[in-house]
Each structure stands twice: as C-alpha cells, then as structure tokens.
**Student:** 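Handing you this structure, nothing more for now.
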Amino acid sequence: MAGEPQDDCLFCKIAAGHIPATIIRETDTTVAFQDINPQAPTHILVIPRLHHRDAASLAAAAPAVAADVLREAGEVAVQEKLESYRIVFNTGSGAGQTVWHAHAHVLGGRGLQWPPG
C-alpha cells in the first residue's frame with residue numbers, strides 16, 4: 001500500500017536502516033544518501049521515508065512530504081557547498097527510474113549540460 005514500507009523496496013530498507021548506505025542527512029520525513037553509481041562528483045539521493053512509487057504519486061498523496069524532499073535537496077546542496085546543482089526526479093523506466101520509490105537526485109560538482117542526455 002502506498003505510504004507503507006514495502007518489504008521488497010531497496011529504498012524502504014535503506015530508510016529503515018536494514019541496508020547500509022552513506023547517509024548524508026536525515027529528518028523525520030526524509031533520508032539523504034550517496035548514490036552508489038554517481039553520475040557527477042556530488043550525486044546524492046533524497047528519499048521520503050514514506051513509500052510512493054514515484055514523485056508524481058508522492059506529490060498527489062503527500063504534498064507536504066514532497067515539499068520536504070525538495071527542501072532537503074536544497075539543504076544537501078548547501079551542506080555539500082554546491083554553487084550550482086541540478087535536482088532530478090525520474091518518473092518511469094523510459095525516464096531512467098530503476099528503483100520504484102520516489103527520490104530526488106542532487107547532482108553537482110561539474111558542469112551540467114542542457115538538454116540532459
């Protein structure tokens with residue numbers, strides 16, 4: 001069920017502390033950790049502790065938590081001393097989503113071209 005931890009979800013397990021990750025920040029509603037396959041010198045994921053399949057479903061069901069994820073992405077950028085950065089939400093496999101738990105990518109530390117690949 002949406003919002004409830006899922007036994008088969010990698011990010012739910014990280015949020016619960018059952019799978020180790022390099023945690024950068026934690027709040028009551030979010031967890032931020034280093035991506036294991038970084039695409040930039042700084043690549044940190046910010047996830048809600050609630051389980052929602054993607055950013056759109058999170059925003060529809062829990063807009064305050066979606067705002068927390070975005071706010072924490074900004075706090076991660078400040079903590080990492082990023083002058084410029086990108087926040088990316090991939091929604092659907094065609095957009096590159098591989099873990100079906102809403103998450104924001106915070107990317108920085110190098111020039112990021114537009115449009116993205």
Side-chain angles (χ1 to χ4, degrees):
M1 174 187 288
E4 297 296 322
Q6 304 294 305
D7 291 338
D8 62 345
C9 176
L10 173 65
F11 288 175
C12 286
K13 291 176 184 177
I14 289 172
H18 300 306
I19 292 180
T22 303
I23 305 295
I24 303 301
R25 293 178 58 87
E26 290 187 79
T27 70
D28 289 343
T29 58
T30 66
V31 179
F33 55 93
Q34 290 182 350
D35 193 297
I36 62 168
N37 184 26
Q39 302 300 303
T42 299
H43 188 169
I44 296 168
L45 302 178
V46 181
I47 66 169
R49 290 184 184 275
L50 297 175
H51 181 88
H52 289 279
R53 180 176 174 83
D54 55 42
S57 62
L58 172 64
V65 177
D68 290 347
V69 169
L70 192 55
R71 183 176 29 261
E72 279 303 303
E75 291 297 328
V76 163
V78 169
Q79 180 177 314
E80 297 295 312
K81 298 178 176 44
L82 297 174
E83 292 181 24
S84 300
Y85 59 96
R86 184 172 289 161
I87 301 170
V88 176
F89 292 91
N90 297 323
T91 300
S93 57
Q97 185 177 5
T98 58
V99 178
W100 301 103
H101 183 117
H103 58 284
H105 298 257
V106 179
L107 300 153
R110 68 168 171 84
L112 300 168
Q113 304 303 312
W114 193 262

**Student:** Would you list the pairs meeting salt bridge (charged side-chain N to carboxylate O under 4.0 Å, His left out) in which at least one residue belongs to residues 31-53, sequence neighbours left out?
**Tutor:** Glu26-Arg49

**Student:** Restricting to pairs with a member in residues 87-108, which pass salt bridge (charged side-chain N to carboxylate O under 4.0 Å, His left out), not counting sequence neighbours?
**Tutor:** none

**Student:** If two hydrophobic side chains count as joined below 4.5 Å and joins carry through other members, does Ile23 share a cluster with Ile19?
**Tutor:** yes

**Student:** Quick test of your reading: applying ring pair (Phe, Tyr, Trp, His ring centres under 6.0 Å), list the pairs with at least one residue in residues 13-33, sequence neighbours left out, ordered by first then second residue.
**Tutor:** Phe11-Phe33

**Student:** Let me confirm one number: the CD1-NE2 distance from Ile47 to His101, rounded to the nearest 0.5 Å.
**Tutor:** 4.5 Å

**Student:** Return a table of donor-acceptor pairs under 3.5 angstrom between the side chains of residues 62-78 and protein atoms on other chains or two or more places apart.
**Tutor:**
| residue | atom | partner | partner atom | Å |
| --- | --- | --- | --- | --- |
| Asp68 | OD1 | Arg71 | NH2 | 2.3 |
| Asp68 | OD2 | Thr29 | OG1 | 2.8 |
| Glu72 | OE1 | Arg25 | NE | 2.6 |
| Glu72 | OE1 | Arg25 | NH2 | 3.2 |
| Glu72 | OE2 | Arg25 | NH2 | 3.4 |

**Student:** Quick one: closest heavy-atom pair of Ala40 and Gly108, and the distance?
**Tutor:** CB-O, 3.5 Å

**Student:** Looking at every heavy atom in both Pro48 and Leu58, which two are closest together, and how far apart are they?
**Tutor:** CG-CD2, 3.9 Å

**Student:** For Pro41 versus Arg110, what's the shortest heavy-atom pair and its separation?
**Tutor:** CD-CG, 3.7 Å

**Student:** Tell me the closest heavy-atom pair linking Asp7 and Lys13, and the distance in Å.
**Tutor:** O-CE, 2.8 Å

**Student:** For His52, which residues count as a ring-ring contact (aromatic ring centres under 6.0 Å, His included) partner, sequence neighbours excluded?
**Tutor:** none

**Student:** Compile the donor-acceptor pairs under 3.5 Å between side chains in residues 81-92 and protein atoms, sequence neighbours left out, one pair per line.
**Tutor:**
| residue | atom | partner | partner atom | Å |
| --- | --- | --- | --- | --- |
| Arg86 | NH1 | Gln113 | O | 3.4 |
| Arg86 | NH2 | Leu112 | O | 3.4 |
| Arg86 | NH2 | Gln113 | O | 3.1 |

**Student:** Give, for atom CD1 of Ile44 and atom NE2 of His105, the distance between the pair rounded to the nearest 0.5 Å.
**Tutor:** 12.5 Å

**Student:** Is there a donor-acceptor pair under 3.5 Å between the side chain of Gln34 and the backbone N or O of Ile36?
**Tutor:** no

**Student:** Applying the 4.5 Å side-chain criterion to the ILVMFWY set and letting contacts propagate, would Leu45 and Val106 be lumped into a single cluster?
**Tutor:** no

**Student:** Kindly compute the distance separating SG (Cys9) from CD (Glu4), expressed to the nearest 0.5 Å.
**Tutor:** 13.0 Å

**Student:** Determine the minimum heavy-atom distance between Gly3 and Leu50, stating which atoms define it.
**Tutor:** O-CD2, 3.4 Å

